[in-house]
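Inspection log for the structure reproduced underneath, given as structure tokens.
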Amino acid sequence: MKDPDHGEKPSESGASAAGRSEARTGAPRGGKGKRRRRKLSGSPSAIASGSGPSGEAGRPAALNEAEPSRKRKRRRRSKSARPQDQSAASGASAPALDAALSDKKGGQKRNRKARHRRGLQGRPLASAGNPTTSLRPGERPGDTARQRNGEAAAQQQARPERLGAPFVAPGEPPAPLYAALDLGTNNCRLLVAQPTRPGQFRVVDAFSRIVRLGEGLGASGRLSDDAMERSVEALKVCAAKLGARSIRRRRLIATEAARAAANGEAFMKRVAEETGLELEIIDRETEARLAVSGCSSLVDRETRSVVLFDIGGGSSEIAVIRIGENRSSRLANHITHWTSLPVGVVTLSERHGGEHVTPQSFEVMVREVEAMLAGFESPSVDALASGSYGDGFHLIGTSGTVTTLAGVHLDLPRYDRRRVDGLWLSDDEVSAMQARLLSWDFAARAANPCIGPDRADLVLAGCAILEAIRRRWPSSRMRVADRGLREGLLTDMMADDGAWRRGRPRRHQRSFGSAQAGEERVKRHEGTEA
């Protein structure tokens with residue numbers, strides 16, 4: 001006897017076969033193997049010799065003639081698809097059955113190849129339009145597909161994204177949301193993010209608008225009514241975004257314009273009354289440290305010293321960072337010297353004019369900033385640039401001026417943060433871009449997609465501040481950072497909460513019970529690191 005799956009079975013006696021045929025009340029008897037395929041070949045001699053001249057062995061000839069399409073044996077099917085297979089076999093034509101038999105020939109091989117096609121919980125993926133899926137207890141036939149599709153969708157939605165997904169330890173709730181708002185002299189910016197891999201986060205929502213809060217501040221010493229109105233309108237948008245989400249922790253700050261204005265505190269009270277947002281006016285040292293925290297990931301492991309600068313609208317922060325053998329997880333801990341210049345793109349352009357800038361007026365702006373830097377004591381360039389090119393010294397610029405230069409250098413049709421953030425520029429490339437911008441008139445600068453009319457009168461003032469920094473700390477390369485205080489705020493809050501600690505649950509509710517307690521911890525953290 002040969003194997004049933006690969007050979008023929010011995011023929012059965014006519015009496016026993018007829019008896020089983022009567023007990024089955026005319027239903028086709030099952031079979032498998034090559035015997036059925038030989039019957040389907042179309043040869044009369046291949047059909048089997050039985051009680052009738054052309055009938056199947058053990059079957060009445062009348063039944064074979066009445067239902068010729070059912071005289072073929074059914075191929076073996078899975079239990080879940082058996083009802084559909086029987087209904088299909090009952091009315092299928094011979095070509096359809098031939099196709100079905102050819103499918104069986106390579107069935108085992110395809111099943112092995114299709115093992116990777118598994119659905120949730122290891123179940124095979126169901127084919128579309130298959131109504132014969134077995135029912136679970138309590139399910140109705142009409143609801144099965146809808147219920148199970150809903151369950152699969154819910155399980156898929158609950159699974160974190162593969163790239164950039166928040167880290168969630170077993171038994172923990174989803175990663176919380178953090179919010180950071182920076183009301184500067186020129187811009188109002190908001191970021192909502194959640195922690196992902198250690199030291200990184202995924203942005204959930206963002207907002208940025210040019211408000212020019214410091215417009216006219218240098219001449220009057222006060223915030224103008226128009227500037228405050230523009231800022232309040234932008235902050236209302238931010239308040240709506242924050243109110244629409246469940247924010248775990250947030251920090252909202254205001255910088256130089258509110259810090260230097262005589263009516264800065266009164267403006268903060270107005271903001272709280274009209275928007276419900278309580279902004280904190282930070283000092284210059286905190287601003288410098290936050291700028292460094294936001295750029296931690298852009299400092300190479302081999303780098304030993306960095307001069308990081310943030311050219312703002314009303315002030316410019318500069319920090320000298322020296323990294324030894326033991327690198328701290330907080331880059332701000334390596335700040336050895338820092339300063340904050342009371343000059344930014346808005347204040348400098350208002351004093352010297354930003355629309356019509358000549359090489360002579362540009363040089364005047366550069367020398368004014370150089371005079372401010374002269375009183376800043378810091379290590380010499382030779383001391384900073386110790387070591388080879390790979391582990392020596394370089395600049396990091398985080399401001400709209402530096403990112404604008406990078407966008408113009410790349411000839412971008414529109415600004416693209418993904419291509420700008422982290423870009424390296426050589427000293428010659430920076431000089432070429434500054435000379436190119438200086439050769440353009442106001443209309444040409446406004447027409448550039450990376451500058452636009454809102455920044456056309458500010459970009460050369462920023463270049464003048466950048467040129468003064470480059471003259472004080474000459475470097476062969478500079479790295480562009482499209483990030484700033486918001487990223488520093490998010491990084492510090494997530495680090496304080498232990499959001500990146502793998503393997504241990506985070507006690508969110510117990511660690512920070514209220515917003516006031518969170519603010520007190522932030523202040524103590526700043527005092528400890530200062």
With side chains defined as the heavy atoms from C-beta onward, is the minimum distance between [X] and [Y] less than 4.5 Å?
X    : Y    : result
L183 : I253 : no
S316 : M372 : no
I318 : L308 : no
F309 : V402 : yes

R486 vs D205, salt bridge (Lys or Arg N to Asp or Glu O under 4.0 Å): CA-CA, chis, key distance, verdict: CA-CA 12 Å; R486 296 174 302 168; D205 199 357; over 6 Å; no
Could you state the interatomic distance from [atom1] ([X]) to [atom2] ([Y]), rounded to the nearest 0.5 Å?
X    : Y    : atom1 : atom2 : answer
L466 : M433 : CG    : CE    : 12.5 Å
N187 : L485 : CG    : CG    : 11.0 Å
S315 : R284 : OG    : CZ    : 6.0 Å
R322 : R304 : CZ    : CZ    : 11.5 Å

Side-chain ion pair, [X] and [Y], N-O less than 4.0 Å:
X    : Y    : value
E370 : R472 : no
E273 : K236 : no
D283 : R289 : no
E233 : R230 : no
D454 : R212 : no
E274 : K269 : no
E467 : R470 : yes

NZ or CZ of R477 within 45° of W424 ring axis and under 6.0 Å: yes
With no hydrogens and no angle check, just 3.5 Å: does a side-chain donor-acceptor pair link [X] and [Y]?
X    : Y    : value
S340 : E317 : yes
S297 : R483 : yes
N448 : Y415 : no
D428 : S431 : no
S361 : T358 : yes

Derivation and outcome, salt bridge (Lys or Arg N to Asp or Glu O under 4.0 Å), residues R330 and D496: CA-CA 11 Å; R330 297 175 184 261; D496 287 343; 2.9 Å; yes
Heavy-atom donor-acceptor pair, W473 side chain to S380 backbone, under 3.5 Å: no
R479 side chain vs L298 backbone, donor-acceptor pair below 3.5 Å: yes
Worked verdict on E363 versus R367 for salt bridge (Lys or Arg N to Asp or Glu O under 4.0 Å): CA-CA 6 Å; E363 185 64 26; R367 292 185 178 181; 3.3 Å; yes
Trace of the salt bridge (Lys or Arg N to Asp or Glu O under 4.0 Å) decision for E256 with R259: CA-CA 5 Å; E256 180 64 21; R259 188 167 55 221; 2.5 Å; yes
D225, CG atom: more than 12 neighbouring heavy atoms under 6.0 Å: no
R419 atom CZ, over 12 foreign heavy atoms within 6.0 Å: no
